[in-house]
Amino acid sequence: MAEEILRMSGIYKSFGGCKALTDVDFACNRGEVHVLAGENGAGKSTILKILAGLFEADRGEICLKGEKVKIRTPRQSQDMGIAMVFQELTLVGEMTVEENLFLNMEPVRFGVVDRKKIRRQAETVMEQYGITIDLDAIVCKLTVAQQQMVEIIKILLHDPELIILDEPTSALARKEVEKLFQIVRNLIEKGKTIIFISHRLEEVFEIGDRVTVFKDGERVDTKLVSEIDTDELIRMMVGRSLQNIFPTKNTQITEEVLFEVKELTGKALQQVSFAVKKGEILGIAGLQGHGQTELMNAISGLYPLEKGEIRMKGREIKVKNAKAALKNKIALVPSDRKTEGLMLGLPVRDNLALCSLGRRARMGVISASQEKAYIDHSVKSLSIKVFNVNNPASSLSGGNQQKVVLGKELGIDPDVILFHEPTRGIDVEAKNEFYNIMKNLAKQGTAVIMCSSDMMEVIGMSNRVAVMYEGAVTQILEGEDITEENIMRCAMGISV
Amino acid sequence: MTKVLKLMKEEKFKYKYSGVIMAYLFLVLFMVFIGMFDDSFFTGRNLSNVIYTAFPLVMVSFGQTICLLTHGIDISLGMILSLSNCVCIVLMKPDEPLGWVTGVAAALVTGMVCGLINGILIGRFRLAALIVTLSMSTVYGGIALYLLPMPGGSIHKGFAKFLRGKFYGIPVVFFLLLIVLVIVRAVLNQTPLGRKIRAVGGNYAAAYATGIDAVRTKIIAHMLAGLLSAVGGVFLAAYMYSGDPTIGSSYSLRAIASSIIGGAVFSGAVGDVLGTLAGVVILTLINNMLNLLGISSYFQFLLQGIIIIAALALGSLKNVNR
């Protein structure tokens, strides 16, 4: 029996009433690669951040090497031999690798930084684990993979026992992943323990010894990787009943194509093609970071494309920037309403009017009566609950804020409307209203594209679902084929 | 020589020193250009003059570069120079043998205290550096006017003689300048403090995550800048034999321009005082040239503004390319 290095039991954590983890037990053996898998928001990152001292658990206890410990700050966690490599990197781009590695722990000799000692220590660590990197390189000139290596060297300097890698492979190419795995193997050989979050199924089998699956803030199960196969793993990750908050899907879909993209290619996109027919809602699904955001932004002119064409009712259009997108009647309801959707400090009225100001202006002056009529109409048709349209947008609830964002975009009478995470952080009632609005838009002949990481929403709303994996649409699912299991398979790069 | 060439090809070297090298290239070309037009340029007298004129600006500009490295700025440095200049004169006892000590010490402490206040407001209270230092500069200028309403006062003769003196024909302040340059460069490039300053300027969140006390680092950076400006103020007191409460008003802007010409950037973390030195000399030489050519001072003001804007524009273009 392997020695247990870590045991977390009964971990409970909520963020402002929203449960992130419910009484989770999790244990990890010395010298193993333990993979955490599960949907976005299943609680994988949260439990590891508790371990790294970034969050504090509301309840539960942590035992490290059999001893009960309290972890409150990142520093305490570090001192106990736990190190975490974050998704967001913590390097200073303008400085060299060497300067970054020893930042704030520089050895000093006669008042100046002892560079010889730094180099010696860094080279020892690199040699030990088979990592090569130019210590004199400027960090911002390195590739993401190389920067990640720098992060790893940085934590290895502390000689940690337990190393947490939070989705280290999400930004890496296949070849770079292999390199990373080689280093992981070297670390295991040297007696380290690794906890690894992965969104790619094949990686679980390639590098993992054991896998723990999370779902909705609970631990589903922990299995030896050698004892399970892909199908079983996927079954563990899915399996929930559809909540009854979705309207019945529109069945009157004509063959007329309203909107079409062909072979959109960019830095994070690979030849994405799909078409939206009149009356339907097209869902875009996939695990985080597989190009969905870039796709939404590319269509609305916020992300540069290298190749590809966008067609509106058969006619090709050019979308060079956000202004061109609006002119071509492409509207985007962005994923983060607070930073991308609204001017929070401005009145609801000004927010609603923002996209379509020119339409109600004569000789450069906005007509007050036309604007009032427009605002009244928007508030009424979207049933925005607002006491006074002169109140700032920040005073509204999340759901109503989201409606304001939508109203603002509808001001241009869009032919295509993109919803990116349309119901993130809004309550069930507002969600239901929002879904009805989306359905009606589609029915009235607007091409509706909805990108969401909430799989239930994608299944409940979409007539067809395009699933993305590594920047490409792997498959477009239709009708009966739209199931959790199928989407999960496609999202992990396995065909149905 | 081959070693030098090899070094110059290295990416790190290019990244760190491309701005500095550009500044010096421009400086050399500029000096050749002036020398061709004017025989009196390369005379000892004129060169000494350049050093005397440049010295206070060098001090303020070094301070400005340090602030820029933290991704900050200090517009009050010119007024800190004025204030310490006046403090120096007011507390000076011209007739006692060591009468200069209190004045000089008080001036340097004044500079550091002003920097401390700026640093606390910017670092601890997280106010915008531009607005804080713009406002504080009127405070410091006001105090200077209160202490010394009109230019005047008198300086300790021995002290002035020392700072204006020459050593083997080379002005003493030239050596002083070299000493300050070596110290400031060593602090910025070779001590943990220097790395902290650049880390805070380059990526505040990362610096914080690494456990760097970012607030403290910013405060120290502004204190250093204040101290250096005070050195400039003390020198001016000795050089002009008197104090002047408004003498520093143009220094802040010129110090920013010098730093940017020398390769520093507004976005922090990049810059070297060696380049700043070249920036100061370039700015000083332009003025010097205009004087030698007998161009009216109105036109000089106008040209100076344009040059500063051009330097800033170049700096921002550099940023866009990156």
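Because the structure is a prediction, the values reported are computed rather than measured. Just so you know, these numbers use all the heavy atoms, side chains as well, and skip hydrogens, waters and symmetry mates. Numbered from 1 within each chain, the chains take letters A, B, ... in sequence-line order.
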- [ ] Taking the side chain as every heavy atom from C-beta outward, state whether Tyr24(B) and Ile21(B) have any pair of such atoms under 4.5 Å apart.
- [x] no
- [ ] May I ask you to check whether over 12 heavy atoms, not counting those of Lys190(A), lie within 6.0 Å of atom NZ?
- [x] yes
- [ ] Any chance you could lay out the side-chain contact (heavy atoms from CB on, under 4.5 Å) test for Leu228(B) and Val60(B), step after step, and finish with the verdict?
- [x] CA-CA 6 Å; Leu228(B) 284 166; Val60(B) 178; over 6 Å; no
TODO: Name, in order of residue number, those residues of residues 116-136 of chain B that have a heavy atom at a distance of less than 4.5 Å from a heavy atom in chain A; otherwise write 'none'.
DONE: none
- [ ] Using a cut-off of under 4.5 Å on heavy-atom pairs, state which of Lys154(A), Arg75(A), Met95(A), Glu99(A) scores highest against chain B.
- [x] Glu99(A)
Open item on the list: I'd like to know if the side chain of Thr276(B) reaches the main chain of Gly262(B), judged simply by a donor and an acceptor atom lying under 3.5 Å from each other, with no hydrogens or angles considered.
Closed with: no
TODO: Kindly determine whether Asn189(B) and Asp272(B) satisfy side-chain contact (heavy atoms from CB on, under 4.5 Å), including the steps that lead there.
DONE: CA-CA 9 Å; Asn189(B) 294 347; Asp272(B) 191 312; 3.6 Å; yes
Open item on the list: Using the rule given for salt bridge (charged side-chain N to carboxylate O under 4.0 Å, His left out), can you reason through Glu98(A) versus Arg115(A), listing the C-alpha separation, both sets of side-chain angles and the distance that settles it, and then say yes or no?
Closed with: CA-CA 9 Å; Glu98(A) 171 203 308; Arg115(A) 288 192 56 195; 3.0 Å; yes
Task: Proximity of residues 214-227 of chain B to chain A, residues having a non-hydrogen atom under 4.5 angstrom - done: none
- [ ] For Asn104(A) and Gly211(B), indicate whether the former's side chain and the latter's backbone hold a donor-acceptor pair under 3.5 Å.
- [x] yes
Open item on the list: Please classify the contact of Ala199(B) with chain A as side chain, backbone, both or neither, using a heavy-atom distance under 4.5 Å.
Closed with: both
Open item on the list: Is the shortest side-chain heavy-atom distance between Leu54(A) and Leu48(A) below 4.5 Å?
Closed with: no
Open item on the list: side-chain contact (heavy atoms from CB on, under 4.5 Å), that's the test. Do Val97(A) and Val139(A) meet it? Break it down for me.
Closed with: CA-CA 6 Å; Val97(A) 172; Val139(A) 164; 4.2 Å; yes
- [ ] Measure from the side-chain N and O atoms of Lys192(A) to the backbone N and O of Pro160(A), and report whether any donor-acceptor pair falls under 3.5 Å.
- [x] yes
